[in-house]
Peer 1: 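First the structure, which I've put down as structure tokens, then a few questions once you've had a look.
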Amino acid sequence: MLTNEITDSLIHLAKKYETSAFLEKDPSQFMHRYRTSRDQEAVAFLASSMSFGQRKQILSHVETVLKSAGNSPSDWIIEKGYKKLFTNGDNSFYRMYTHNDFLIFFDTLRSFLLKSDTIGNHFKNLYLSNTGTVTDTKHNTDSNSTDTSPTYLSPLICTSFPENCHLIPHTKGTAAKRVNMFLRWMVRDKSPVDLGLWKDWYHKKDLLIPLDTHVMQEAAKLGLFETTKNGNIPSASMKTAVQLTGLMDQVFPGDPCKADFALFGLGVDKEEN
């Protein structure tokens, strides 16, 4: 339940954490190194897809890939430069993800780039082919329904990858935390963190909050989730993401994912202090 006190606190926290300083320890920092939207999109998608586990390890492993990628990661992908870094086999590269997993991931991104020139163009065309228009934003907000198409962009992105691409979630009703984080980076504008490259064809009011562990924990402490019949916090799912995003739209009208900075930032601060 939202109170004036909680609302004021969320607004204060979002202002506190949505600054350029946020980039210093966050995977979003990498996309800011590049000048072309083509490279920024490719790097952002890579960094977001690897964003789980300890942040130091995330940053270290993304850095390893980008050193191999050189000045233009998108050209590196098209030219199959990743095949020099990743070799066939089930050896781990990052946690449970193997070299084969990354080969499938980059092979798929390469097919997008060859077909549409940029990742943004590819997903824009995918979105338009499913909705018919960029203004078609009628979402299913029935909390008892699992129907999410043709509404949010994250499920369309997930299904555009083959099922054996393990870096992308394929479970029905998934919260798709990392994909939704990537979309926040791409869509939200007027931010020192998010790039807003896709704001002309997808609306920030239609984004979903990425359900990171920190976000779930802080939202629960604030009473922003409806508990289960057993009194437990609900699992991270599409349904939960829709519910929390709808509630945060009351705090940040038209820009509910601004709350991600408040909830995530507060959780990380508590963890590090």
Side-chain angles (χ1 to χ4, degrees), residues 10-11 13-32 34 37 40-52 55 58-59 62 119-120 123-124 126-127 134 137 139 148 151-158 167-169 174-216 218-219 224 236-238 240-268:
L10 288 169
I11 291 172
L13 289 169
K15 184 177 181 180
K16 175 182 178 181
Y17 292 116
E18 190 181 7
T19 67
S20 57
F22 183 88
L23 297 169
E24 295 175 5
K25 298 181 180 180
D26 193 74
S28 56
Q29 66 179 268
F30 295 109
M31 62 190 183
H32 286 266
Y34 300 87
S37 58
Q40 289 172 331
E41 290 170 355
V43 170
F45 201 83
L46 169 68
S48 60
S49 296
M50 294 179 65
S51 292
F52 63 98
R55 291 213 285 178
I58 295 169
L59 300 181
V62 174
I119 293 173
F123 291 141
K124 176 182 178 180
L126 181 68
Y127 178 68
V134 295
T137 57
H139 300 311
T148 60
T151 57
Y152 298 105
L153 185 53
S154 54
L156 294 176
I157 291 177
C158 291
L167 271 77
I168 305 298
T174 177
K177 170 251 177 177
R178 289 171 284 164
V179 175
N180 282 312
M181 182 173 67
F182 165 73
L183 289 173
R184 198 204 79 204
W185 295 353
M186 293 295 99
V187 176
R188 288 190 71 251
D189 59 343
K190 300 176 182 178
S191 169
V193 178
D194 303 327
L195 295 177
L197 299 177
W198 299 0
K199 63 183 177 63
D200 291 335
W201 62 271
Y202 198 77
H203 305 290
K204 60 185 176 184
K205 66 183 179 64
D206 300 323
L207 293 169
L208 287 170
I209 291 179
L211 295 186
D212 175 89
T213 300
H214 299 100
V215 170
M216 293 288 290
E218 296 308 319
L224 301 179
S237 65
M238 169 66 79
T240 308
V242 171
Q243 289 176 336
L244 180 60
T245 302
L247 194 60
M248 292 300 92
D249 191 50
Q250 298 177 38
V251 181
F252 303 101
D255 187 16
C257 277
K258 192 176 183 68
D260 187 31
F261 287 98
L263 297 169
F264 177 80
L266 181 60
V268 169

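For clarity, every value in this text was computed on a predicted model and none was experimentally measured.
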Peer 1: With sequence neighbours excluded, what pairs up with Thr174 under the side chain to side chain donor-acceptor pair (under 3.5 Å) test?
Peer 2: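 Counting only residues at least two positions away or on another chain, Thr174 forms no side chain to side chain donor-acceptor pair (under 3.5 Å).
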Peer 1: Please walk me through it: do Phe22 and Tyr17 pass ring-ring contact (aromatic ring centres under 6.0 Å, His included)?
Peer 2: CA-CA 6 Å; Phe22 183 88; Tyr17 292 116; 7.7 Å; no
Peer 1: Once you round to the nearest 0.5 Å, how far does NZ of Lys177 lie from CG of Asp212?
Peer 2: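 It comes to 5.0 Å.
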Peer 1: Is there side-chain contact between Val43 and Val62, with at least one heavy-atom pair below 4.5 Å?
Peer 2: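 Not in contact.
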Peer 1: Would you tell me whether Ser48 and Ser51 have side-chain atoms, one donor and one acceptor, within less than 3.5 Å of each other?
Peer 2: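 The criterion, which ignores hydrogens and geometry beyond distance, is not satisfied for Ser51 and Ser48.
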Peer 1: Counting distance only, does the side-chain N/O of Glu18 pair as donor-acceptor with the main-chain N or O of Phe261 below 3.5 Å?
Peer 2: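 Checked: no pair found.
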Peer 1: Spell out, as yes or no, whether a donor-acceptor pair under 3.5 Å connects the side chain of Asn180 to the backbone of Ser154.
Peer 2: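 A pair under 3.5 Å: no.
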Peer 1: Below 4.5 Å, heavy atoms only, C-beta onward: do Lys199 and Lys190 meet side chain to side chain?
Peer 2: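 Lys199 vs Lys190: side chains apart.
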Peer 1: If you define the side chain from C-beta out and look only at heavy atoms, does anything of Leu167 sit under 4.5 Å from Phe45?
Peer 2: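 Contact flag for Leu167/Phe45 side chains = no.
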Peer 1: State the CG-CD distance between Leu10 and Gln250, to the nearest 0.5 angstrom.
Peer 2: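 Reported value, rounded in 0.5 Å steps: 11.5 Å.
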Peer 1: Check the pair Trp201 / Phe123 against ring-ring contact (aromatic ring centres under 6.0 Å, His included), numbers first and verdict last.
Peer 2: CA-CA 10 Å; Trp201 62 271; Phe123 291 141; 8.2 Å; no
Peer 1: Do side-chain atoms of Tyr127 reach the backbone of Tyr202 as a donor and acceptor pair under 3.5 angstrom?
Peer 2: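 The answer is no, because no donor-acceptor pair under 3.5 Å joins these two groups.
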Peer 1: Is the closest side-chain heavy-atom distance between Pro256 and Leu207 below 4.5 Å?
Peer 2: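 They are not in side-chain contact.
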Peer 1: Decide yes or no for Lys258 and Val251: does some side-chain heavy atom of the first lie under 4.5 Å from some side-chain heavy atom of the second?
Peer 2: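 The answer is no, as the side chains (C-beta and beyond) never meet within the 4.5 Å cut-off.
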Peer 1: Taking all non-hydrogen atoms of both residues, which atom of Ile157 and which atom of Leu126 are closest, and how far apart?
Peer 2: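 Where Ile157 meets Leu126 most closely, the heavy atoms are N-CD2, 4.4 Å.
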Peer 1: If you measure only the distance, is there a donor-acceptor pair under 3.5 Å linking the side chains of Trp198 and Glu41?
Peer 2: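 A donor-acceptor contact under 3.5 Å links the two side chains.
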Peer 1: To the closest 0.5 Å, what do you measure between OG (Ser191) and NZ (Lys204)?
Peer 2: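 Answer rounded to 0.5 Å: 9.0 Å.
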Peer 1: Which heavy atom in Trp185 sits nearest to a heavy atom in Ala44, and how many Å separate them?
Peer 2: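 Shortest heavy-atom separation between Trp185 and Ala44 comes out as CZ3-O, 3.3 Å.
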Peer 1: Is there side-chain contact between Val187 and Asp194, with heavy atoms separated by less than 4.5 Å?
Peer 2: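 SC-SC contact between Val187 and Asp194 ruled out.
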Peer 1: When you compare the side chain of Pro169 with that of Val179, does any pair of heavy atoms fall below 4.5 Å?
Peer 2: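 Yes, side chains in contact.
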Peer 1: Would you list the pairs meeting salt bridge (charged side-chain N to carboxylate O under 4.0 Å, His left out) in which at least one residue belongs to residues 243-256, sequence neighbours left out?
Peer 2: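 Non-adjacent pairs meeting salt bridge (charged side-chain N to carboxylate O under 4.0 Å, His left out): Arg188-Asp255.
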Peer 1: Write down the atom of Glu218, the atom of Leu263, and the distance for their closest heavy-atom approach.
Peer 2: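 The answer is CG-O, 3.5 Å.
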Peer 1: I need the minimum non-hydrogen distance between Leu211 and Ala175, along with the two atoms involved.
Peer 2: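 It is CD1-CB, 4.0 Å.
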Peer 1: Could you tell me the separation between the CG atom of Leu46 and the CZ atom of Phe30, rounded to the nearest 0.5 Å?
Peer 2: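 Going from the CG atom of Leu46 to the CZ atom of Phe30 covers 9.0 Å.
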Peer 1: Tell me if a side-chain donor or acceptor on Arg178 pairs with a main-chain N or O of Phe52 at a distance below 3.5 Å.
Peer 2: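 No.
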Peer 1: Please name the pair of heavy atoms, one in Ala262 and one in Leu13, separated by the smallest distance, quoted to 0.1 Å.
Peer 2: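 Heavy-atom minimum between the residues: CB-CB, 3.6 Å.
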Peer 1: Measure from the side-chain N and O atoms of Thr245 to the backbone N and O of Ile209, and report whether any donor-acceptor pair falls under 3.5 Å.
Peer 2: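 Such a contact is found between Thr245 side chain and Ile209 backbone.
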Peer 1: Indicate the ring-plane relationship of Phe264 and His214, choosing parallel, tilted or perpendicular according to the 30° and 60° boundaries.
Peer 2: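 Perpendicular, since the angle between the ring planes exceeds 60°.
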Peer 1: Atom CD in Gln40, atom CG in Leu197: separation rounded to 0.5 Å?
Peer 2: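 It is 5.5 Å, given to the nearest 0.5 Å.
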Peer 1: If I take atom CD from residue Gln243 and atom OG1 from residue Thr240, how far apart are they, to the nearest 0.5 angstrom?
Peer 2: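 It is 6.0 Å, given to the nearest 0.5 Å.
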Peer 1: Side chains of Leu224 and Met248: closer than 4.5 Å at any heavy-atom pair?
Peer 2: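 Result yes, sub-4.5 Å side-chain heavy-atom pair found.
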Peer 1: Which atom pair, heavy atoms only, marks the closest approach of Ser49 to Ile168?
Peer 2: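 Looks like OG-CD1, 4.0 Å.
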Peer 1: Begin with the C-alpha distance, continue with both residues' side-chain angles, and end with the deciding distance and a verdict on side-chain contact (heavy atoms from CB on, under 4.5 Å) for Leu266 and Lys16.
Peer 2: CA-CA 10 Å; Leu266 181 60; Lys16 175 182 178 181; over 6 Å; no
